[in-house]
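Just so you know, ligand 1 is whichever comes first in the structure, and atom 1 is the first atom listed for that ligand.
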Amino acid sequence: MHPAEQQMQFVYTLRSRGVMNAEVLKAMEATPRADFLEGIFRERSFEDTPLPIECGQTISQPTVVGLMTQALEVTRRCKVLEIGTGSGYQAAILSRLARRVYTVERHRRLARRAKDLLLKLALHNITVVHGDGSLGLPEQAPFDRILLTAAAEDPPQPLIDQLRPGGIMVLPVGQSSAVQTLIRIEKTEAGLDYTDLGPVRFVPLVEGVAHDVLE
Ligand code: SAH
């Protein structure tokens, strides 16, 4: 298939699976997923499946990226925190919708690669931080939006604390070995409002930074 056709098919798949927000679709169209993949996986970038990246991690399924981004209701005024940079794909999409994006990754190697790539793509409103995202990023808090792209058993309290009143957080919760649930939390004056967005499958949120042999 011709790349332009593949791109049309890609957007069609996103729409048919519930990613309807025009701004989100535009941001995804402007962000070729192949840029965030390596080797043999580049040519599979249009497939609506997660694919392997370095350090035994995965780039998420495009539909899930779209649905999470849509549920986050990002506006130009938002300061966004993402936990789990991975390839940087989700961060790149967020950066086209938000004012500022901070993204935290526990694997130094992934953080470094994503930082280089995002600079190369001239996405200058993203800061990649190597660290333990389960602690959030207190020095930049509060955030208008928080997105986790790794599954926690429960929403980490530091992240809830770092969400601005009126803010929205989207995350997968549940055991890493089982099907997890994507949830949306809105911080209101009355407390936390939870919405269930359906089943998903993510790599687990692991506490602490990684100590990889080859870094
Ligand atoms: N958003 C990524 C995909 C994420 S895969 C993308 O667009 O490509 C989940 C990532 O979360 C992995 O890279 C994993 O290393 C990272 N991760 C897991 N636990 C973490 C933690 N406590 N802090 C920061 N990153 C974490």
Completion exercise
Short version for A210: what comes under 4.0 Å of ligand 1, heavy atoms counted, is neither
Exercise for the section: Return a yes/no value for S60: is any of its N or O atoms, backbone included, closer than 3.5 angstrom to an N or O of ligand 1? Expected result: no
Problem - E207 N/O to ligand 1 N/O under 3.5 Å - result: no
Fill in the blank from the handout: atom 3 (C) of ligand 1 sits nearest the protein heavy atom T58 O, 3.3 Å
Handout entry: Structural part of L205 in contact with ligand 1, heavy atom criterion under 4.0 angstrom
Key = both
Exercise for the section: Measure the spacing between CD1 of I93 and OG1 of T69 and express it to the nearest 0.5 Å. Expected result: 5.5 Å
Exercise for the section: Among all protein heavy atoms, pick out the one at the shortest distance from atom 19 (N) of ligand 1; state its residue, atom name and that distance to 0.1 Å. Expected result: V206 N, 3.0 Å
Exercise for the section: Using non-hydrogen atoms of the residue, decide whether A91 is closer than 4.0 angstrom to ligand 1. Expected result: no
Exercise for the section: Would you please name every residue forming a ring-ring contact (aromatic ring centres under 6.0 Å, His included) with Y89, sequence neighbours left out? Expected result: F36
Handout entry: Option passing side chain to side chain donor-acceptor pair (under 3.5 Å) with Y102 (candidates Q140, E82, K79)
Key = Q140
Completion exercise
Counting from 1 in the order shown, the ligand 1 atoms closer than 4.0 Å to a non-hydrogen atom of V203 are 5 (S), 9 (C)
Handout entry: Value rounded to 0.5 Å, distance of CG in L51 from CD1 in I59
Key = 7.0 Å
Practice task
Specify the protein heavy atom at minimum distance from atom 25 (N) of ligand 1: its residue, its atom name, and the distance to 0.1 Å.
Solution key: R106 N, 3.2 Å
Practice task
Would you mind running through ligand 1 and noting each atom that sits below 4.0 Å from a heavy atom of Q90?
Solution key: 1 (N), 7 (O)
Practice task
Assess whether side chain to side chain contact (heavy atoms under 4.5 Å, CB included) is satisfied between L197 and M68, documenting all intermediate values.
Solution key: CA-CA 9 Å; L197 301 174; M68 287 178 101; over 6 Å; no
Handout entry: Residues E38, R113: salt bridge by 4.0 Å N-O rule
Key = yes
Problem - Cluster check L148, L182: I/L/V/M/F/W/Y, side chain < 4.5 angstrom - result: no
Practice task
Would you mind listing which atoms of ligand 1 come within a distance below 4.0 Å of any non-hydrogen atom of S87?
Solution key: 6 (C), 7 (O), 8 (O)
Completion exercise
The reported gap from CD in Q90 to CD1 in I83 (rounded to nearest 0.5 angstrom) is 12.0 Å
Practice task
Enter the distance from L171:CG to I185:CD1 here, rounded to the nearest 0.5 Å.
Solution key: 5.5 Å
Handout entry: Identity and separation of the nearest protein heavy atom to atom 23 (N) of ligand 1
Key = G133 N, 2.7 Å
Handout entry: Region of L110 engaging ligand 1 - heavy atom pairs below 4.0 Å
Key = side chain
Exercise for the section: State whether E29 and K26 are salt-bridged, where the test is any N-O pair (Lys NZ or Arg NE/NH1/NH2 against Asp/Glu carboxylate O) under 4.0 Å. Expected result: no
Completion exercise
Nearest heavy atom to atom 1 (N) of ligand 1, choosing from G86, A92, A151, G84, belongs to G84
Practice task
Using a strict cut-off of 4.0 Å, indicate which atoms of ligand 1 neighbour a heavy atom of S134.
Solution key: 22 (N)
Practice task
Compute the minimum heavy-atom distance from T85 to ligand 1 and say whether it is under 4.0 Å.
Solution key: yes
Handout entry: Contact atoms of ligand 1, heavy-atom distance to E82 under 4.0 Å
Key = 1 (N)
Handout entry: Per-atom contacts of ligand 1 with H107, taking only distances under 4.0 Å to non-hydrogen atoms
Key = 15 (O)
Problem - Pairing residues for F202 by the ring-ring contact (aromatic ring centres under 6.0 Å, His included) criterion, not counting sequence neighbours - result: none
Practice task
Please report which non-hydrogen protein atom sits nearest to atom 16 (C) of ligand 1, along with the residue it belongs to and the distance in Å to one decimal place.
Solution key: E105 OE1, 3.4 Å
Problem - Side-chain donor-acceptor pair present, Q61, D48, cut-off under 3.5 Å - result: yes
Completion exercise
ligand 1 to G131, heavy atom cutoff 4.0 Å, flagged ligand atoms 23 (N), 24 (C)
Handout entry: Where ligand 1 meets P204 - atom numbers and elements under 4.0 angstrom, heavy-atom basis
Key = 18 (C), 19 (N)
Fill in the blank from the handout: Looking only at protein heavy atoms, what sits closest to atom 12 (C) of ligand 1 is Q57 OE1, 3.3 Å
Handout entry: Side-chain H-bond candidate by donor/acceptor type, R100 with T127, under 3.5 Å
Key = yes
